[in-house]
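Here it is, the structure, as structure tokens.
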Amino acid sequence: MSSKRYDGPSFDAVDIIGIKRDKGTLSGEQIRWTIDAYTRGAIAEEQMAALNMAILLNGMNRAEIAQWTAAMIASGDTLDFSGLRNAAGASMPTTDKHSTGGVGDKITLPLAPLVAVFGAAVPQLSGRGLGHTGGTLDKLEAIPGWRANLSNEQMMRQLSEVGAVICAAGAGLAPADKKLYALRDVTGTVEAIPLIASSIMSKKIAEGTGALVLDVKVGSGAFMKSVDMARELAETMVALGKDAGVNTVALLTDMSTPLGLSAGNAIEVQESVEVLAGGGPPDVVELSVKLAQEMLEASGIRGADPAAALKDGRAMDVWRRMIAAQGGDPDVALPVARESEVVYAPADGVLVGLDALSVGVAAWRLGAGRARKEDVVQAGAGVRLHAKPGALVRAGEPLMTLLTDTPEKFDRAKEALADAVTIAPVGSRPASKLIIDRIS
Ligand code: URA
């Protein structure tokens with residue numbers, strides 16, 4: 001572990017804000033000073049908020065984004081997996097995946113053990129959900145006994161013995177990002193491409209992975225609503241990764257409709273286990289296999305067949321060891337919501353739209369997500385889907401089941417779903433495809 005403090009010249013925060021307000025370019029020293037001073041509390045929150053808004057409105061060039069990212073990495077610790085060895089003493093390449101966040105996106109759960117089957121180490125430092133997008137740690141915490149917090153030594157041991165670990169990022173990793181993200185969240189400045197790219201890549205580069213596959217989501221349930229914006233974000237992040245020596249590729253994938261047939265916590269774990277058992281929804285299987293192939297190729301492992309490892313139980317074996325190593329019982333029954341309510345199809349026809357954002361907000365309102373960091377999530381809450389776009393449906397047929405422990409939440413969840421469903425005459429086809437593009 002290491003961290004570096006900035007020891008160059010000082011600047012005036014108001015001058016820095018003025019440069020970006022007037023569409024100027026910040027120097028490397030100005031950026032390093034800004035991030036260091038903000039992390040230490042020497043730049044006020046309102047000054048950083050003004051600077052973030054100036055960046056959102058006027059952008060940053062590639063050199064500024066690279067320097068901003070490097071300064072965020074230098075604000076904290078970095079991990080080093082270069083000495084990692086498996087039980088036989090052979091060195092292990094590290095490879096990681098990051099999704100920009102979506103609804104029903106449980107891919108990390110089957111993916112991490114699936115990739116570890118082929119000898120790669122997968123250090124998946126993950127987060128909790130905030131707002132309508134779910135968090136990987138919230139999902140896994142539905143498994144009784146499972147622990148998200150590991151020391152660096154425990155993480156290294158598990159990587160070497162099991163090959164995969166999904167755990168919380170320590171507080172020391174990119175602390176500038178933790179502060180900045182919380183500020184952006186309440187000042188309308190999350191959706192700035194330079195700030196999103198530097199936020200994600202500072203954490204991934206500080207984590208020390210050798211290869212990285214980015215799953216950049218596009219559509220109503222994602223930060224990036226258009227393919228053009230998602231492509232710009234992906235290109236920026238791939239360039240940042242490569243410049244830092246991380247072999248980085250990105251896929252643009254659809255988030256106009258939820259992934260799989262569940263959005264919640266325990267129900268997403270259950271669906272992931274179905275995928276690991278060789279079944280599960282086709283879109284979750286397709287994306288898990290594609291991302292596994294990309295992660296393995298990026299880490300130099302050739303000729304692997306991830307689809308076979310899902311079918312023959314090898315990925316399930318790693319999953320079981322990964323869950324047990326963190327205190328969870330892979331055979332325990334998962335929590336089930338106390339109450340349920342069914343939403344029915346309003347007409348006959350083809351389901352051509354099932355809006356991701358609406359389903360995500362409904363799951364969140366049912367108790368699967370949190371509005372404030374300190375809120376406790378309900379393990380059993382969420383939305384189970386009975387049909388996906390492309391399906392033929394009949395009026396009165398069940399489309400979704402809403403799940404919660406607190407039935408007073410049903411009305412607000414149903415409000416979120418008021419315009420979620422689009423049914424078109426028989427013969428119509430939904431527009432979206434799952435994997436939209438690849439950027440390398
Ligand atoms: N995820 C992050 O980690 N940071 C952002 O800015 C957006 C999504």
Side-chain angles (χ1 to χ4, degrees), residues 35 38-39 48-49 51-57 59-60 64-66 68-73 75-76 79 96-103 105 107-108 123-139 148 166-207 209 212-226 229-238 240-241 244 246 248 250-253 255 356-357 360 364 369-370 373:
I35 296 292
Y38 177 62
T39 311
M48 200 62 180
L51 180 58
N52 284 341
M53 187 56 85
I55 292 169
L56 183 141
L57 296 174
M60 275 179 150
E64 288 176 294
I65 300 173
W68 189 271
T69 306
M72 299 228 290
I73 296 167
S75 74
L79 300 178
D96 194 3
K97 184 268 313 188
H98 181 85
S99 155
T100 55
V103 179
D105 186 0
I107 298 291
T108 295
Q124 196 72 68
L125 301 188
S126 300
R128 290 174 201 287
L130 190 65
H132 75 277
T133 61
T136 298
L137 301 181
D138 293 328
K139 299 178 212 255
I166 303 175
C167 65
L173 212 69
D177 179 61
K178 290 196 175 64
K179 245 187 119 176
L180 254 180
Y181 194 87
L183 179 66
R184 288 166 57 211
D185 204 24
V186 293
T187 53
T189 52
V190 169
E191 286 83 356
I193 287 178
L195 298 179
I196 298 178
S198 56
S199 165
I200 292 175
M201 294 307 291
S202 63
K203 288 173 286 204
K204 292 290 146 183
I205 297 167
E207 171 198 293
T209 184
L212 176 65
V213 178
L214 297 160
D215 181 4
V216 179
K217 301 287 186 198
V218 191
S220 78
F223 283 122
M224 298 292 116
K225 309 291 180 202
S226 77
M229 300 255 309
R231 189 169 286 120
E232 189 185 335
L233 175 63
E235 284 171 355
T236 307
M237 293 196 290
V238 168
L240 285 171
V246 181
T248 311
L251 298 182
L252 305 192
T253 71
M255 191 30 74
L357 180 61
W364 173 37
R370 54 172 71 73
K373 281 201 185 63

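Each ligand, and each atom within it, is numbered from 1 in the order the structure gives.
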Original post:
Just which atoms of ligand 1 are under 4.0 Å from any heavy atom in Y181?
Top reply: 4 (N), 5 (C), 6 (O), 7 (C)

Subject >> Side-chain donor-acceptor pair present, S99, D105, cut-off under 3.5 Å >> reply: yes

Original post:
At what distance is the nearest protein heavy atom to atom 4 (N) of ligand 1, and which residue and atom is it?
Top reply: S199 OG, 2.7 Å

Original post:
Is the shortest N/O to N/O distance between H98 and ligand 1 below 3.5 Å?
Top reply: no

**OP:** Determine whether M53 and L56 make a side-chain contact, defined as any pair of heavy atoms from C-beta on separated by less than 4.5 Å.
**Re:** yes

Original post:
Is the backbone N or O of Q124 less than 3.5 Å from a side-chain atom of K97, with the two atoms forming a donor-acceptor pair by type?
Top reply: no

Original post:
Step by step, would you call E207 with L212 a side-chain contact (heavy atoms from CB on, under 4.5 Å)?
Top reply: CA-CA 11 Å; E207 171 198 293; L212 176 65; over 6 Å; no

Original post:
With a 4.0 Å cut-off on heavy atoms, does I200 reach ligand 1?
Top reply: yes

**OP:** Please tell me if the side chains of L125 and C167 come closer than 4.5 Å, counting only heavy atoms from C-beta onward.
**Re:** yes

Subject >> Which residue and heavy atom of the protein sit nearest atom 3 (O) of ligand 1, plus the separation >> reply: K203 NZ, 2.5 Å

**OP:** For ligand 1, find out whether one of its N or O atoms is nearer than 3.5 Å to an N or O atom of R184.
**Re:** yes

**OP:** Identify the heavy atoms of G369 and W364 that sit nearest to each other, and give their distance.
**Re:** C-CD1, 3.4 Å

Original post:
What residue and heavy atom of the protein are closest to atom 8 (C) of ligand 1, and at what distance?
Top reply: F223 CE1, 3.5 Å

